[in-house]
Amino acid sequence: MGNTKDFLDVFFMREALKEAEEAFKKDEVPVGAVIVLENKIIAKAHNQVETLKDPTAHAEILAITQAANTLSCKWLYDCTLYVTIEPCSMCAGALVLSRIKKICFGAKDIKAGACGSIFNIARHKKLNHRMEVKKGVLEKECAFLMTEFFKSKREKK
């Protein structure tokens, strides 16, 4: 780790991992997210699709809602999202609409990732907002949690 920015990225990704572990305990797909403004967490969430019986209850969507409520503003201009897995197209679209400044994710999602793996909504030239994207922060830890979750699901069957 070379600089303070890298240190902070790891620090906040560890916070997102704590949220992902919470999801794992609740038998939710283990994705965790935190939104940071001026080096302070203003929102944190984990997937709650099963709990809420809501296909849109992804960690990123829930964190965006919290952050907007915290700031009393629909725009998250100077905020950074830390999320354990690359956002899907729904979440990447919501992040564009929120005008978030940066997305920092752990592991790629080769089946549904929309920040470079399948699509690149985050940097799409025709959209009215583009975000900085940093990938691979604590990638192994983030991927391991997902692998263990789906391995346990297969073993139960």
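Atoms considered below: every heavy atom in the structure, side chains included; atoms not considered: hydrogens, waters and symmetry mates. We count residues from 1, following the sequence as given.
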Chemist: If I take atom CG from residue Leu95 and atom NE2 from residue His129, how far apart are they, to the nearest 0.5 angstrom?
Modeler: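 Between Leu95 CG and His129 NE2, I get 8.5 Å after rounding to 0.5 Å.
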Chemist: Grab the two heavy atoms, one from Leu138 and one from Leu17, that are nearest each other, plus how far apart they are.
Modeler: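 Scanning both residues completely, I find the closest heavy atoms to be CD1-CD1, 4.0 Å.
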Chemist: Evaluate the side-chain proximity of Gln66 to Ile42: yes if any heavy-atom separation is below 4.5 Å, no if none is.
Modeler: no
Chemist: If I take atom CG from residue Leu76 and atom CG from residue Leu81, how far apart are they, to the nearest 0.5 angstrom?
Modeler: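 Those atoms lie 9.5 Å apart.
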Chemist: For residues Met13 and Val83, report the shortest heavy-atom separation together with the two atoms involved.
Modeler: CE-O, 3.5 Å
Chemist: So, does Asn47 use its side chain to make a donor-acceptor pair with the main chain of Ala23 at under 3.5 Å?
Modeler: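 Absent.
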Chemist: Would you name the heavy atoms of Val34 and Ala16 that are closest together and state the gap between them?
Modeler: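 Reported closest heavy-atom pair: CG1-N, 4.0 Å.
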Chemist: Roughly how far, to the nearest 0.5 Å, is CD1 of Ile118 from CG of Asp109?
Modeler: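 It comes to 7.5 Å.
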Chemist: Linking I/L/V/M/F/W/Y whenever any side-chain heavy atoms sit under 4.5 Å apart, do Val137 and Ile103 land together?
Modeler: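 Yes.
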Chemist: Taking C-beta and beyond as the side chain, do Val29 and Ile85 meet within less than 4.5 Å on heavy atoms?
Modeler: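 No - every pair of side-chain heavy atoms lies 4.5 Å or more apart.
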Chemist: What pair of heavy atoms forms the shortest contact from Ala63 to Ala33, and how long is it?
Modeler: CB-CB, 4.3 Å
Chemist: According to a hydrophobic-cluster definition based on side-chain heavy atoms being under 4.5 Å apart (Ile, Leu, Val, Met, Phe, Trp, Tyr only), do Leu62 and Tyr82 belong together?
Modeler: no
Chemist: Does Glu60 use its side chain to pair, donor to acceptor, with the backbone of Ala92 at less than 3.5 Å?
Modeler: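 No: the side chain of Glu60 does not pair with the backbone of Ala92.
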Chemist: In terms of hydrophobic clusters joined by side-chain contacts under 4.5 Å, are Tyr77 and Ile64 together?
Modeler: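 Hydrophobic grouping puts Tyr77 apart from Ile64.
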Chemist: So does Glu50 get a backbone contact from the side chain of Glu28, meaning a donor-acceptor N/O pair under 3.5 Å?
Modeler: yes
Chemist: Between Ser89 and Ile121, is any pair of side-chain heavy atoms under 4.5 Å apart?
Modeler: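 Answer yes - side chains close enough.
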Chemist: Where the side chain of Thr84 meets the backbone of Ala20, is there a donor-acceptor pair that is under 3.5 Å apart?
Modeler: no
Chemist: Once rounded to the nearest 0.5 Å, what's the spacing between atom OG of Ser98 and atom CE of Met131?
Modeler: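 The OG atom of Ser98 sits 7.0 Å away from the CE atom of Met131.
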Chemist: Look at the rings of Phe149 and Phe24 and say which category their plane angle falls in: under 30° parallel, 30 to 60° tilted, over 60° perpendicular.
Modeler: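 Geometry flag for Phe24 against Phe149: perpendicular rings.
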Chemist: Tell me whether Glu86 contacts the main-chain N or O of Cys115 through its side chain, where contact means a donor paired with an acceptor under 3.5 Å.
Modeler: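 Answer holds: yes.
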Chemist: Taking only residues at least two apart or on different chains, which pairs with a member in residues 12-26 satisfy side-chain hydrogen bond (donor to acceptor under 3.5 Å, both in side chains)?
Modeler: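 Pairs touching residues 12-26 that pass the test: Glu15-Lys18, Glu19-His46, Lys26-His46.
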Chemist: With a 6.0 Å cut-off (strictly less than), is the heavy-atom count around NZ of Lys101, excluding the residue itself, greater than 12?
Modeler: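 Open.
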Chemist: Decide yes or no for Arg99 and Asn128: does some side-chain heavy atom of the first lie under 4.5 Å from some side-chain heavy atom of the second?
Modeler: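 They are in side-chain contact.
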Chemist: Looking at every heavy atom in both Trp75 and Leu97, which two are closest together, and how far apart are they?
Modeler: CZ3-O, 3.1 Å
Chemist: Are Met90 and Val49 linked, directly or through other ILVMFWY residues, by side chains that come within less than 4.5 angstrom of each other?
Modeler: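 No, separate clusters.
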Chemist: Kindly work out whether a path of hydrophobic side-chain contacts (I/L/V/M/F/W/Y, heavy atoms less than 4.5 Å apart) joins Ile61 to Ile41.
Modeler: no
Chemist: Working to the nearest 0.5 Å, report the span between CG of Asp9 and NZ of Lys134.
Modeler: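 It comes to 3.5 Å.
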Chemist: About how many Å separate SG of Cys79 and CD1 of Ile35, when rounded to the nearest 0.5 Å?
Modeler: 6.5 Å
